[in-house]
2 protein chains.
Amino acid sequence: MGITERREREREALRQRIVEAARDLLSEQGLGALSMRSIAERIEYSPATIYLYFRDKDELVGQVVRAGFERLRDYTTEELSRLPETADAADQYAATGRAYARFALDNCGYFRVMFELPGSARIDCPAVTDGAADPDAFERVVARLEEARRAGLLTVPDVRRAAVIGWGLVHGLTSLYLSGHLHEEMESNEEFMALIEEAMHSMYLGWGVGQEAAVRPAGRRSAVHRTGSVRAETGRK
Amino acid sequence: MGITERREREREALRQRIVEAARDLLSEQGLGALSMRSIAERIEYSPATIYLYFRDKDELVGQVVRAGFERLRDYTTEELSRLPETADAADQYAATGRAYARFALDNCGYFRVMFELPGSARIDCPAVTDGAADPDAFERVVARLEEARRAGLLTVPDVRRAAVIGWGLVHGLTSLYLSGHLHEEMESNEEFMALIEEAMHSMYLGWGVGQEAAVRPAGRRSAVHRTGSVRAETGRK
DNA sequence: AAGTTTGCCTGAACGGCGTTAAGTTCGTGG
DNA sequence: CCACGAACTTAACGCCGTTCAGGCAAACTT
């Protein structure tokens, strides 16, 4: 009998509808308007119904976050597709950063949900992202960098760490810009995008793009290399 | 008569007590526990009383943010004081970044309030920080960089932009680490601090620290330099 | 066909939130 | 002594996330 299968399908469909309602609400009205009641009203169900499909708000928002990462991936592939044939791995990496910043500007609601502490009201500080933080996308960036390294385009000791650093660079500038802390320095989105471009360019130079063989003074910067020691402990709960 | 003056003093004292209660509550219990009611309970007043001293929660939190920036400044000066006499401007800049990261690890509650959208429930995306975003500290960093540039330690076109980029770099890594997105890559605070160190070092290389005269291939990276054009518009409300 | 079970859904409530209007207390100035 | 005004509280409003007893129709059983 296909009845239980139909039910299962309908159940999944409604579950999907809920996520979509939350996603749209977030895009259209911002994070502040994302309440269980408003979501319920949008899908024309009672608020209590949502709890038959999601354990709590966090789980629902988690699904929205997942959708956000997929959207980010779309931005990335689209930005990459704009590149000319001659683009090298470095150009591809720059395009990825550009896509990241553009995504954030277009979907700041998503951006907040994805990167401010997920639980929103979570107490312990370093929040756990239930492991779904787009492993694919990051891995692809790492692979791109590894490719560049092999091609002699950059001389960096650990591509993985380099990728993290690049992520931090773009993410930090974006986050600061969106939260208004760069308001005095940056006045328009175009100006901001130019900043991103310049920042990534600087980073490239640091990684040895275009240089023969980097100096890499590893042991230098002798003094004060133990980092904070005691106090650094307390940060983690 | 000194009566009105005494009253004014008392008024200011209570106002200060409220801010301190909020600050402590934030440090001890996290952002989620920072409610008007809990603050009121801590100072043993009715919640309504707070509204005689602050227009709304945002204004109160704004004061806490101000306190947070002062604390950040303390971290910075303390970190700078650890440097040996021989430290150059580059070392000082690195110390500033280190202080920033250490501050965030020790006071993640502060960090959230300071850099996630201040209003917390604000609708329009790029929040305005009422202009109180520690102008001093940032200016001092800029001055430090300018000094380094004059000493020939780095060859960067615009120190101000360089400072912003450096800020973004450290802020982004910190933000990602605190929100758990670097959980798979970084496992301890020490590891994270080392990452910060490495990141700043890479950035230095990019800025030409220790190089004679940087190449600065300004016009290069020919293709796709108009940044996002159309879509970038919509991000701002 | 009738009765029973099952699964989906809701109304109403709980406690907590930010915020406000009305009311109380009380030291002060006329 | 009285009236004013400042300081403070009580009680409520309308949000929020969440839970639970109940209703109701579709599906199964006999």
Side-chain angles (χ1 to χ4, degrees), chain A residues 1-19 21-22 25-26 29-65 112-113 117-123 127, chain B residues 1-19 21-22 25-26 29-65 112-113 117-123 127:
Chain A
M1 71 204 67
I3 280 183
T4 62
E5 297 170 1
R6 190 207 63 203
R7 287 237 244 232
E8 185 56 36
R9 245 184 298 122
E10 284 175 352
R11 211 186 140 71
E12 202 51 46
L14 182 48
R15 199 180 139 96
Q16 195 54 38
R17 274 229 297 152
I18 296 174
V19 174
L25 217 40
L26 179 66
Q29 321 236 72
L31 184 54
L34 192 66
S35 73
M36 297 301 260
R37 285 174 156 88
S38 63
I39 296 169
E41 190 181 6
R42 183 173 268 246
I43 59 173
E44 294 175 298
Y45 279 84
S46 152
T49 302
I50 301 180
Y51 289 87
L52 301 176
Y53 294 82
F54 298 91
R55 195 179 346 103
D56 53 14
K57 193 182 181 183
D58 281 2
E59 184 175 311
L60 170 51
V61 169
Q63 291 306 108
V64 177
V65 167
R112 285 191 64 189
V113 175
L117 298 216
S120 182
R122 204 163 297 231
I123 296 206
Chain B
M1 69 206 72
I3 280 182
T4 61
E5 296 170 0
R6 188 207 63 200
R7 286 237 244 236
E8 184 56 36
R9 246 184 297 122
E10 284 174 352
R11 210 186 141 71
E12 203 51 46
L14 182 49
R15 200 180 140 96
Q16 196 53 38
R17 274 229 297 152
I18 296 173
V19 175
L25 217 41
L26 179 66
Q29 323 237 74
L31 184 55
L34 191 67
S35 74
M36 296 303 260
R37 285 174 157 89
S38 62
I39 296 170
E41 191 180 6
R42 183 173 267 248
I43 59 173
E44 296 176 295
Y45 279 83
S46 151
T49 301
I50 302 180
Y51 289 86
L52 301 176
Y53 294 82
F54 298 92
R55 198 181 342 105
D56 53 14
K57 191 183 181 181
D58 281 2
E59 184 175 309
L60 170 52
V61 169
Q63 291 307 106
V64 177
V65 167
R112 286 191 63 189
V113 174
L117 298 216
S120 180
R122 207 164 292 235
I123 297 208

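Chain naming here is simple, since letters A, B, ... match the order of the sequence lines and numbering starts at 1 in each.
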Tell me what [X] touches on the nucleic acid: a base, only sugar-phosphate, or nothing, going by heavy atoms under 4.0 Å.
| X | value |
| --- | --- |
| Thr49(A) | base |
| Arg11(B) | sugar-phosphate |
| Leu60(B) | nothing |
| Phe54(A) | nothing |
| Arg7(A) | sugar-phosphate |
| Ile39(A) | nothing |

Upstream residue (5' side of DNA chain D) when Lys57(A) and Tyr53(B) are each assigned their closest nucleotide: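 Upstream on the strand: Tyr53(B).
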Once you round it to whole Å, what is the distance between P of dG7(C) and CD of Glu10(A)?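 In whole Å, dG7(C) P and Glu10(A) CD are 15 Å from each other.
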Rounded interatomic separation in angstrom, taking CD from Glu41(A) and C1' from dT10(C):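 The distance from CD of Glu41(A) to C1' of dT10(C) comes to 15 Å, rounded to the nearest Å.
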Of Arg37(B) and Leu14(A), the one whose closest DNA chain C nucleotide lies more 5':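 It is Leu14(A), whose closest nucleotide lies nearer the 5' terminus.
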5' priority, DNA chain C, between Ala48(B) and Pro47(A) [closest heavy atom]: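 The residue mapped nearer the 5' terminus is Pro47(A).
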Taking atom CD as the centre, does Glu41(A) end up with more than 12 heavy-atom neighbours from other residues, nucleotides or ligands that are less than 6.0 angstrom away?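 No - once you tally the heavy atoms of other residues, nucleotides and ligands closer than 6.0 Å, there are 12 at most.
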Are the side chains of Ile18(B) and Tyr45(B) in touch, meaning some heavy atoms are under 4.5 Å apart?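 Not touching, per the 4.5 Å side-chain cut-off.
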Does the pair Glu10(B)/Arg6(B) count as a salt bridge with the N-to-O cut at 4.0 Å?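 Between Arg6(B) and Glu10(B) there is a salt bridge, with a charged N closer than 4.0 Å to a carboxylate O.
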